[in-house]
Number of protein chains: 2
Amino acid sequence: MTSQKIRNMEEFARVSGISRPTVSKYFNDPTSVRASTRSRIEAALEKHEYRPNIYAMNQNRKLTKNIGIVVPLLSDPYFAEIARNLEQRCLAAGYRPTLFSSHGNAALEVEVLDTLRAMKPAGVLLAPLGRASDDRSLERFCDDVPTLIFDSSVEEIGLGFVGSDNFQFTSHITDYLCRTGEPPSFFEMKTPANPNAHRRRQSYVAAMERFGFEPEVISVAGEGWGFEEIGRLGGHEAIQKRRFSTNTVLCSNDRLAIGLLTACYEQGLKVGREEGCAIRVAGQDGHPHSRYTCPPLTTISHNYDAVSQTAADALFAAIEGKVTPWKSIRLEGRLILRDSA
Amino acid sequence: MTSQKIRNMEEFARVSGISRPTVSKYFNDPTSVRASTRSRIEAALEKHEYRPNIYAMNQNRKLTKNIGIVVPLLSDPYFAEIARNLEQRCLAAGYRPTLFSSHGNAALEVEVLDTLRAMKPAGVLLAPLGRASDDRSLERFCDDVPTLIFDSSVEEIGLGFVGSDNFQFTSHITDYLCRTGEPPSFFEMKTPANPNAHRRRQSYVAAMERFGFEPEVISVAGEGWGFEEIGRLGGHEAIQKRRFSTNTVLCSNDRLAIGLLTACYEQGLKVGREEGCAIRVAGQDGHPHSRYTCPPLTTISHNYDAVSQTAADALFAAIEGKVTPWKSIRLEGRLILRDSA
DNA sequence: ATAAAAAATTTACGCGCGTAAATTTTGAGA
DNA sequence: TCTCAAAATTTACGCGCGTAAATTTTTTAT
């Protein structure tokens, strides 16, 4: 503040009484210079508020400090929440996160990857679109950039995979539903966006068979990422055609369940596990909104913190040179009992 | 694809048979070179897939093609949706948008602004946190970077303001409620996050007085951005203490309304405008989720497309040199009639 | 105290591109 | 065909910083 603006690192080095290469070292890693030097630089930093030019920095560095975070759909609060979580962890670890959304569009996902490649990021945390993804593009991208896949796995691509254990999810909540009432039907999309849905269906079928019940899968039509509307329309049809064979429905995910709740409301079906309720509805994901549906939605929740921490740590480790073989980590979910089931 | 990788613009210029300065001009603005030259460059681009180094580009340019988009809370689907909209428009106009969220935290907002400043963006679309914002920081930022404020206004800062007409919003929906049933109470946060809430309260009071009704404002406690929970807790209290003097409640925003709906459910109050309903609840914003509440929420919706288009166009115009005096544009909302009121 | 190791400095070069000035080429109209 | 403006080229420099190598200074260990 005291003197005029600092134009570049040369000038800043002069006013701080340190040579420019050492100042450069400091900005790349403050701990790489002697403590006394560090405090002198930081003192100068207080007085002159200089910040290195990020473009000049990244131009010559083989590896930037950038980390890309890519999710399929940022307007889905589930992804927004996990993206926020990841972003904070990157910041805390000294990286510069940049957020991208594929907006449910495969062409956009490829564009995002192209943009990302041009940024020469140190690493990328990528939640792929899933079924719609251009797998070849993903694969080539992972060859060029250290990439950790999360949420939805795509073969053995990138550094590894971190996500939730969908088998455990569905198995656990199916168990709960079977023990506390009529066995559930399974409500899902016919052409789900990502492979997690398949795992959940399989797990449902297996769990039902363990109990000696007949699995009943209701697959509703609908393309794209408007899950609530797909659930609502499919719910209307399923209710009218009496396709739920019991009074209990387990949805493949919470957004679908939210749509189904709306359909139930519109059909005059009272949802819940109390006396006088016509139907029990449960979801899966622990969607941020699930607490506020009417009735509040019983669901099995991702362990947001653990997933994002595991994913971020795995990427940081890889960036910092720890080579580990490709690995898939799947974390368990927690059952959240509410009034809907 | 035919030959080996192109390392820089020099090499690319050579293989395309054009001089490097001309190629450079092309990348800055394809229309600035002769059509025949352009097609020769683009032909070479097909065969060699070269992309200029963004860091080297931006280092020397006084103005980058970057545009920053800042919202207070990306996990709120309302902001996610408007951010997505703005992002697409920037892309379509040839800019490189980057998304930031303040995560409801004033310190983070300042950090975001700092990061943004280092990016030397051509312009910024900023939705401030509102009350919590460090106004001095915002002001200094607007002095340095062409910034258009949207959603929530902060004095006469930046290039201008684009948002919704909160007076019209509340006036319109209050009119509707008064004409179709008992006059509404107004349900709001005691210390709202942004100034829009104050305008809405004022507009409610004015509309009620026009009708000759006694305004009744219920201000509930609660800090932060967890509006649903604040609405739910405040709703419980208001219901128990019988603070709603009529059977109709207008909420300051949809997220608050969603929480109130949950409270009503939990209290056994049937919400709706039909026979046998105990209470009517309406929101404001046209939140993406409002269609799927139970009952679906009557609300007045932002004109998302128009707001984002107006905001983006205003920024682009300013970037391209059109100087206009500071201006505030407020767009009208559209009433969405659903079952809740 | 001295030797050895660690850290900082000096010097120097290059990254990939923007951009200005002077020159040459191109293309459209007369 | 000639004229002349527009476009492309040549040449040259600089942006702000990373980084390597050789040297000097400081710190740590003996």
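Protein chain B contacts DNA chain C over a range whose 5' and 3' limits, counting nucleotides with an atom under 4.0 angstrom from a non-hydrogen atom, are C/dG16 to C/dT26.
Both A/Asn58 and B/Gly17 sit near DNA chain D, but only B/Gly17 has its closest nucleotide nearer the 5' end. Toward the 5′ end of DNA chain C lies the nearest nucleotide of A/Val23, the other residue of the pair A/Arg20 and A/Val23 mapping further downstream.
B/His48 contributes atom NE2, which lies 9.0 Å from atom OG of B/Ser16 (distance to the nearest 0.5 angstrom). Atoms CZ and CD1, on B/Arg14 and B/Ile6 in that order, are 9.0 Å from each other to the nearest 0.5 Å. In this structure, the separation between OG on B/Ser101 and CG on B/Leu73 is 5.5 Å, given to the nearest 0.5 Å. In this structure, CZ on B/Arg140 lies 11.0 Å from CD1 on B/Ile157, to the nearest 0.5 angstrom. For the atom pair CG (A/Asn58) and CG (B/Asn58), the distance works out to 10.5 Å, reported to the nearest 0.5 Å.
The rotation axes computed at either terminus of the helix from C/dT2-D/dA29 to C/dA30-D/dT1 lie 10° apart, taking five pairs at each end and rounding to 10 degrees.
Using a cut-off of 4.0 Å between Lys/Arg side-chain N and Asp/Glu carboxylate O, B/Glu87 and B/Arg84 are scored as not salt-bridged. With respect to A/Asp313 and A/Arg89, no salt bridge is recorded, no charged nitrogen being found less than 4.0 Å from a carboxylate O.
Side-chain contact annotation: A/Glu42 with A/Tyr26, donor-acceptor N/O pair under 3.5 Å present.
Within 4.0 Å (heavy atoms only), A/Pro52 reaches sugar-phosphate atoms of the nucleic acid but no base atom. Looking at heavy-atom distances under 4.0 Å, A/Tyr50 makes contact with sugar-phosphate atoms alone, never a base. Within 4.0 Å (heavy atoms only), A/Phe12 reaches no atom of the nucleic acid at all.
The aromatic rings of B/His302 and B/Tyr78 lie parallel to each other, with less than 30° between the two planes, well short of the 60° mark. Under the 30°/60° scheme for interplanar angles, the aromatic rings of A/Tyr55 and B/Tyr55 are found to be tilted.
At least one side-chain heavy atom of B/Ile319 sits less than 4.5 Å from a side-chain heavy atom of B/Tyr95.
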Kindly give the atom pairs (protein nitrogen or oxygen, nucleotide nitrogen or oxygen) under 3.5 Å for nucleotides 25-27 of chain D.
none

